[in-house]
Amino acid sequence: MIGARESADSTPKRNGHRRGLALLGVVVVLGLAGCVDGPTEMPTPEIVWDRGVAPSSRLEDDPIVQAAREAAIGLAMSENSGDFTIRQLNDHWNHRHIVDLARSYAAETTSYVYPGPHPWEPIRIAEQDDRFAVLEVCMADAASDGWLWGEDSYGKPFIPDRGVLWRYDFEKLDGQWKRVTRHSYSYGQFGSCPYEDIPIGYFNPRPRVPKLSEMPPVREPLPLAPESDEYEEGRW
């Protein structure tokens, strides 16, 4: 798919440009206390694994890795729908990043979709205590034709030609592990890694790339509950 730095730097890219979904004629005001009706109940799409190869590393049963998998699914679902209230996103990302994602979505001018959660393989739990953890992963990437589908690449199988090491940061918030992004941290690639056997999963049904005139409006994030572990002004 990560505060503002994660949105800008570590969201998967295609041809050097961050993936976007255009919103035409829509003025969106986003904030931590926006007025929304409540979360959208959206079923999680089935994931069909290319060549039948699903994630099977020795780390897949680790709660940190499971949280990272769910976070990738939630981010892709929200970016494809424009809905940043869904449980799949809010249960697995810190609130500040969700707000940043929605703002970035609203400002985009090109139309792409995620064919599924971005492909990656866990390498190791680099750090972990009772509250914080860092997961190193090898992310599959392609220099010329990235993970995202646009009108010119819709339905094309993803063929990675490189692997990029990333660090995913986590904090235990409201009783569960969530991916977090903090402006004081650095994010992104810090080396290369083997990519040939990284499992690649596609959503079923396949998300379609809408015409610009059919783009769904952004559904802004839910307000942060005062009793949340994140509710501390200036923390994120």
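Hydrogens, waters and symmetry mates play no part in the numbers below; they use all other heavy atoms, side chains included.
- Nearest heavy atom pair, residue Trp120 against residue Ala72, reads NE1-CB, 4.0 Å.
- Closest approach of Pro221 to Ala102, counting heavy atoms only: CD-CB, 3.7 Å.
- Between the CD atom in Gln128 and the CZ atom in Phe170 there is a gap of 10.0 Å [rounded to 0.5 Å].
- Checking side-chain atoms of Arg131 against main-chain N and O of Lys172 turns up a donor-acceptor pair under 3.5 Å.
- Residue Gln66 qualifies as enclosed at atom CD: its count of foreign heavy atoms under 6.0 Å is above 12.
- Taking each heavy atom of Arg219 and Pro39 in turn, the nearest pair found is NH1-C, 3.9 Å.
- Here the side chain of Asp141 pairs no donor or acceptor atom with the backbone of Gly146 at under 3.5 angstrom.
- Ser111 places no side-chain N or O within 3.5 Å of a backbone atom of Val209 that could act as its donor or acceptor partner.
- Here CG of Asp197 is found 10.0 Å from CD1 of Ile200. Values are rounded to the nearest 0.5 Å.
- Residues Tyr195 make up the rest of the hydrophobic cluster containing Ile198, defined by ILVMFWY side-chain heavy atoms closer than 4.5 Å, directly or through other members.
- Using a 30° and 60° split on the angle between ring planes, Trp147 and Phe158 fall in the perpendicular class, above 60°.
- What you find for His118 and Ala140 is that their closest heavy atoms are CE1-O, 2.8 Å.
- Looking at Pro122 and Arg69, their side chains come closer than 4.5 Å, going by heavy atoms from C-beta outward.
- Checked by atom type and distance alone, the side chain of Gln88 pairs as donor or acceptor with a backbone atom of Met42 at under 3.5 Å.
- Think of Val53 as one node in a network of Ile, Leu, Val, Met, Phe, Trp and Tyr side chains linked at under 4.5 Å; it has no links at all.
- For Asp174 (side chain) and Ser228 (main-chain N/O), no donor-acceptor pair under 3.5 Å exists by modelled atom type.
- Side-chain atoms of Thr85 never come within 3.5 Å of backbone atoms of Leu222 as a donor-acceptor pair (strictly under, hydrogens ignored).
- Counting heavy atoms from C-beta on, the side chains of Pro115 and Tyr154 never come closer than 4.5 Å.
- A salt bridge is absent between Lys178 and Glu171; no separation between the charged side-chain nitrogens and carboxylate oxygens falls under 4.0 Å.
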For Phe203 and Asn80: C-alpha separation, side-chain torsions, deciding distance, then whether side-chain contact (heavy atoms from CB on, under 4.5 Å) applies.
CA-CA 11 Å; Phe203 286 144; Asn80 286 352; 4.0 Å; yes
Would Trp177 and Glu70 count as a side-chain contact (heavy atoms from CB on, under 4.5 Å) if you check the C-alpha gap in whole Å, the side-chain angles of each, and the deciding distance to 0.1 Å?
CA-CA 11 Å; Trp177 288 108; Glu70 295 297 327; over 6 Å; no
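- Looking at every heavy atom in both residues, Gly163 comes nearest to Cys138 through CA-SG, 4.1 Å.
- Checking side-chain atoms of Asn94 against main-chain N and O of Glu230 turns up no donor-acceptor pair under 3.5 Å.
- Considering only heavy atoms from C-beta on, Met77 stays 4.5 Å or farther from Leu89 through its side chain.
- Taken to the nearest 0.5 Å, the CG atom of Leu59 stands 6.0 Å off from the CD1 atom of Ile125.
- Interatomic distance, Leu173 CG to Trp93 CH2, rounded to the nearest 0.5 Å: 12.5 Å.
- Here the CG-CZ distance, from Asp62 to Arg124, works out to 13.5 Å after rounding to the nearest 0.5 Å.
- Side-chain contact between Glu196 and Asp161 is absent, with no heavy atoms from C-beta onward closer than 4.5 Å.
- Sorted by first and then second residue, the side-chain hydrogen bond (donor to acceptor under 3.5 Å, both in side chains) pairs involving residues 46-58 (not counting sequence neighbours) are Glu46-Asn204, Ser57-Glu60.
- For the residue pair Val218 and Ala106, the shortest heavy atom distance occurs at CG1-CB, 4.4 Å.
- Contact of the Tyr114 side chain with the Leu75 side chain is registered, since non-hydrogen atoms from C-beta on lie closer than 4.5 Å.
- Leu165 contributes atom CG, which lies 10.5 Å from atom CE of Met139 (distance to the nearest 0.5 angstrom).
- Counting heavy atoms from C-beta on, the side chains of Ile47 and Tyr202 never come closer than 4.5 Å.
- Figure legend: cation-pi geometry between Arg208 and Trp149 absent, as NZ or CZ is not positioned both under 6.0 Å from the six-membered ring centre and within 45° of its axis.
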